[in-house]
*Asks:* 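The structure under discussion is supplied below as structure tokens; questions concerning it will follow.
All values below were derived from every heavy atom in this structure, side-chain atoms included, with hydrogens, water molecules and symmetry-related copies excluded. The chains referred to below are lettered A, B, ... by the order of the sequence lines, with proteins before strands, and numbering in each begins at 1.
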Amino acid sequence: MEGFGSRTTRYFQDVNIMVIFGFGFFLAFLKRYSFSSTGFNLLIIVLGVQCSILMEGLLFPKETKERDPKIITMAAVSMTAVAISSGAVLGKTNPLQLIVMTVVEIIIFHVSRWINKQFLQIQDNISMKHVHLFGAYFGLAVSSRFSEPSPRSEKNASTPKSYLLSMLGTLFLWVFWPSFNSVLADRDKTKAIYNTYFALAVSAVTAFTLSVLTTKDGKFRMTHVHSAALAGGVTVCYTAESIDYPWIAMILGLLASVITILGSFCLQRCLNPALKIHDASGVHFTFGLPGLLGAVAQVVLSVIKKWTISPSLGYMVMIYISDFCLTISVALITGFITGLILNFKLLKIIPVSQYFEDQFYWEFPHLAVGF
Amino acid sequence: MEGFGSRTTRYFQDVNIMVIFGFGFFLAFLKRYSFSSTGFNLLIIVLGVQCSILMEGLLFPKETKERDPKIITMAAVSMTAVAISSGAVLGKTNPLQLIVMTVVEIIIFHVSRWINKQFLQIQDNISMKHVHLFGAYFGLAVSSRFSEPSPRSEKNASTPKSYLLSMLGTLFLWVFWPSFNSVLADRDKTKAIYNTYFALAVSAVTAFTLSVLTTKDGKFRMTHVHSAALAGGVTVCYTAESIDYPWIAMILGLLASVITILGSFCLQRCLNPALKIHDASGVHFTFGLPGLLGAVAQVVLSVIKKWTISPSLGYMVMIYISDFCLTISVALITGFITGLILNFKLLKIIPVSQYFEDQFYWEFPHLAVGF
Amino acid sequence: MEGFGSRTTRYFQDVNIMVIFGFGFFLAFLKRYSFSSTGFNLLIIVLGVQCSILMEGLLFPKETKERDPKIITMAAVSMTAVAISSGAVLGKTNPLQLIVMTVVEIIIFHVSRWINKQFLQIQDNISMKHVHLFGAYFGLAVSSRFSEPSPRSEKNASTPKSYLLSMLGTLFLWVFWPSFNSVLADRDKTKAIYNTYFALAVSAVTAFTLSVLTTKDGKFRMTHVHSAALAGGVTVCYTAESIDYPWIAMILGLLASVITILGSFCLQRCLNPALKIHDASGVHFTFGLPGLLGAVAQVVLSVIKKWTISPSLGYMVMIYISDFCLTISVALITGFITGLILNFKLLKIIPVSQYFEDQFYWEFPHLAVGF
């Protein structure tokens, strides 16, 4: 019990650092929105954790009081979804809208897990692995209901300093991602940690390489590094504890990084303008696509592993596929509806001219215009 | 033993991160004083830890060599008092004064704990919980002996960037506070962690809410978030391991946050001008008032818990009350005397015009005036 | 096994934070090179870890799959050498050169350990303690092949803000150094942690004191604090688990700090100009000299401890001395050769005018000249 408690509380803290500190600074890349990025992130995380604990108690009542620590850790893990979604609408929502979005999203996320459990017999900790996927597609659907900023907006920009703040957050996410994935692992937590590390390591190397190859004059682009270095962690989340050889994790890390950087080009040039989505911090290619890849990899790896046992194989594959299709569908539909709700006049929607602007929400000591 | 050692060293490190890193950046909110805030904090912490270990060995000799790790961890915990006090006189003391203050404060803090133990039979780790209270009131008493800066001082100001540095420190304190409180817990460390987390979560939400309600045009004020988000951790420190239901911790977190924000108005407008105290970083309402609330809550919760056992109840309440009254009195009186000592000419007191100024203590590469 | 696993993964993470986060920001003190400092550090660390694991598997094959976690942790530890070497040529190498240097250095480091093991019967984890020494002298030898920047270069300078970023990294290194040394400890990890802490604490105090005493007008110099506060950790690395009394660790910390600050004067004024070495971030006095001191201290302390057992004493002393002499010689010679290789035209060496410049490697959102 002692050892268990000690480990659980440690993982709880690691997840906490990730969601509070990592995401807070990861999203602080807009030059005039760093107060809101770090501050509102704290606000919605702590609010969401409380909601999440209530929902978990309501929907999964068999979890007794003994397992209390686990519930709280899981609540912190599920906050990743909210942090990711808030990234998709970064700078466009006021705190009231963010709070409504947080509460709605957390409720729907747990309901979606409950549906997966009731109808597809998916275990609790497996359905929890959809947290990135759910967050990304929910956020995207919400952001489709917000108008685009004017392309020449001065405020929707970064400075070297704000990129550096974001690098701080990225490095925190990077370093604590192995812990995050090991929280979701059921049996072999140590394996989950090292597989995640390998995937992240290859991701980071690939991110630098591809960035040089894809930019005009062979320079690195900071946003590539930020998003693609983390892609391996997202992808390997599903399979971290079941991968037996490090090289499989490394290939997944490589693919994740490739899909992220190619995705960032395709989405920003083709899909987003077509669908009129403005994905403020690129959550689609940072968390959405690598998450999809991870879910597919999970199916493929399970098929390879259980090739001989033919009868239940087709059934299992179908379950897995319906599992993540269901999750994405629920995320997209409810995200769209949430986007509509957030635009009710009651919530004091902010005009496009006030997007990406700290001064709208925070008192400033002196009106320091250029941060 | 292995498990014990592992846990102890981990908590030691968490406390270390809090005092070295958290407080260092928490106090870095002055635009021209960030070198000194982080640098001097490192200096006084490492100096104080060494003093504290000597004092502990002198006053509580029964702690044998076996328990060495615990002594060092406790020494790091007791440094919180010094870090808080140094916040009260932030920018007004030179390093020599800070060092003298650190040594005097640590000696007095341990003597005060020794008195509590000898005369009131208070256990070592309970008297250690007064660390915030002691630090705040000692610092306030010291700061009453320093002249106020001119209200129009350019230097006693923050920029968005220095606020962001302070946010970095605040988030570190926030994330590691549960560990801090669990170090002081005797039996149920896991419970202490989760109760502290709940209190902090509610504090943070309340901080944002009250900040909007109390400022003129409904904006957030960064200093409110910084101080009130941490208030719950201070308050629940006394009772973290004895609270059986999370909602009690949550109510304490709510009250702590309310008392901090209301306190910041009352103190800055009424009490401080009357007493001619200039509380440079608001330690009175950030650590003092929530600490008081925590001490009172400890008495109330003990009374409720042991209602039936009437004979010893009155005695116990009296002990608790005299315990924290004694601690505050000692802190105030000795702090006042220390303030007088610090103003001896021998210590090269700095003129008011040199307050809040890094360039007075640090070599600058180029004379970069506007940081 | 559970307890073991838990501890190992925790130390793995601590070392990770140190090398990824600590060194990344520690080296971010140049005003126009913070993207490269943090970004390239991530790149070479993750690349090097993968190389290191391959080399370890090749040269020390007896380490079976069971001990996998330990290999990865050791790979992360050995990255310290690369991070230190990259500090010596900071701002003068392009990413391609850095990658070549990383791969060559890691291979040579492991070969040097293998030689130590084969010919001097030095244990794996003892030869790993030369990591700082090897990194520093390898880096110095490499940097001797790079031309000096013009002394009036605007770019080879720091701003208060970049110093503050470096302070962030320094504090991270400082706080996690005890964990780092305990990873290399074989038996008594707890002792290693506390001895390292004491050495670091004394180092930090000495750093401030000597800085005041040695600068012209009695001010603190930030670079003194950055390098000398860490010196104790480097020195005590060799003996952290075998020191029985804290005061020995404290004296080593004091000597390390003294040697660092005096070294920084002597080297920068006498040795470096004579040898035409430009040590960009002072790795010689920050890691090299304290490392030497630590190696000597190890010999002296072993001699004192085993004074009575005369027969093997002389032999043991000789082994120790040849061990670190061999390591330094290998580092210097191969570093020199590597420096020659790095100046092949194939690697697109950068002109002196482009030294210390982020814009050469990174896309900038807007051409923000003054960071």
*Asks:* Do Ile193(B) and Gln13(A) have side chains that approach each other closer than 4.5 Å (heavy atoms only, starting at C-beta)?
*Replies:*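 No, too far: nothing below the 4.5 Å cut-off.
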*Asks:* Going by residue number, which parts of residues 95-108 of chain A are within reach of chain B, meaning a heavy-atom gap below 4.5 Å?
*Replies:*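 So the qualifying residues are Pro95(A).
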*Asks:* To the nearest 0.5 Å, tell me how far Tyr361(A) OH sits from Asp217(B) CG.
*Replies:*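 The distance works out to 13.5 Å.
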*Asks:* Is Ile53(A) close to chain B through its backbone or its side chain, or both, or neither, when contacts mean heavy atoms under 4.5 Å?
*Replies:*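 The side chain, not the backbone.
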*Asks:* Does the side chain of Val225(B) come within less than 4.5 Å of Trp362(A)'s, by heavy atoms?
*Replies:*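 A side-chain contact exists here, since the closest heavy-atom pair is under 4.5 Å.
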*Asks:* How close do Lys161(A) and Lys161(B) get, heavy atom to heavy atom, and via which atoms?
*Replies:*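 Where Lys161(A) meets Lys161(B) most closely, the heavy atoms are NZ-CG, 3.7 Å.
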*Asks:* Is it true that Tyr194(B) and Phe12(A) have ring centroids separated by less than 6.0 Å?
*Replies:*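 So the answer is yes for these two rings.
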*Asks:* Name the member of Leu168(A), Leu42(A), Ile45(A) that forms the most heavy-atom pairs with chain B at distances under 4.5 Å.
*Replies:*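 It is Leu42(A).
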*Asks:* So for Val175(B), is it side chain, backbone, both, or neither that comes closer than 4.5 Å to the heavy atoms of chain A?
*Replies:*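 For Val175(B), backbone and side chain are both near chain A.
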*Asks:* Going by residue number, which parts of residues 200-213 of chain B are within reach of chain A, meaning a heavy-atom gap below 4.5 Å?
*Replies:*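 Within residues 200-213 of chain B, the residues under 4.5 Å from chain A are Ala201(B), Val202(B), Ala204(B), Val205(B), Phe208(B).
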*Asks:* Applying salt bridge (Lys or Arg N to Asp or Glu O under 4.0 Å), can you list everything that pairs with Lys189(B), at least two apart in sequence or on another chain?
*Replies:*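 Checked Lys189(B) against salt bridge (Lys or Arg N to Asp or Glu O under 4.0 Å); zero matches.
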*Asks:* Not counting sequence neighbours, which residues clear ring pair (Phe, Tyr, Trp, His ring centres under 6.0 Å) with Phe25(A)? List them please.
*Replies:*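 By the ring pair (Phe, Tyr, Trp, His ring centres under 6.0 Å) rule, Phe25(A) matches Phe21(A).
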*Asks:* What are the two closest non-hydrogen atoms of Pro160(B) and Phe35(A), and how far apart are they?
*Replies:*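 Smallest heavy-atom distance, with atoms named: O-CE1, 3.3 Å.
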*Asks:* Relative to chain B, which of Leu43(A), Asn16(A), Val49(A), Asp358(A) shows the most heavy atom pairs under 4.5 Å?
*Replies:*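 Going by pairs under 4.5 Å, I would pick Leu43(A).
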*Asks:* Val46(A) vs Trp174(B), test: side chain to side chain contact (heavy atoms under 4.5 Å, CB included). Steps then yes/no.
*Replies:* CA-CA 11 Å; Val46(A) 292; Trp174(B) 201 95; 3.3 Å; yes
*Asks:* At a 4.5 Å cut-off on heavy atoms, which part of Ser179(B) comes close to chain A: side chain, backbone, both, or neither?
*Replies:*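 Its backbone and side chain both get close to chain A.
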*Asks:* What part of Tyr197(B) gets closer than 4.5 Å to chain A, counting heavy atoms only: side chain, backbone, both or neither?
*Replies:*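 The side chain, not the backbone.
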*Asks:* Hey, are the side chains of Ile17(A) and Phe172(B) touching, using non-hydrogen atoms and a 4.5 Å cut-off?
*Replies:*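 In short, these two side chains do not touch, never coming nearer than 4.5 Å.
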*Asks:* Please flag which part of Thr73(A) lies under 4.5 Å from any non-hydrogen atom of chain B: side chain, backbone, both or neither.
*Replies:*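 The side chain, not the backbone.
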*Asks:* Got a salt bridge between Lys219(B) and Glu363(A), using NZ or NE/NH1/NH2 to carboxylate O under 4.0 Å?
*Replies:*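 Answer for the salt bridge query: no.
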*Asks:* I'd like to know whether Phe360(A) forms a ring-ring contact (aromatic ring centres under 6.0 Å, His included) with Phe220(B), so could you lay out the CA-CA distance, the side-chain angles of the two residues, the decisive distance to 0.1 Å, and finally the verdict.
*Replies:* CA-CA 10 Å; Phe360(A) 203 58; Phe220(B) 298 110; over 10 Å; no
*Asks:* Please rank Met250(B), Lys216(B), Met167(B) by heavy-atom pairs under 4.5 Å with chain A and give me the top one.
*Replies:*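 So the answer, after comparing Met250(B), Lys216(B), Met167(B), is Met167(B).
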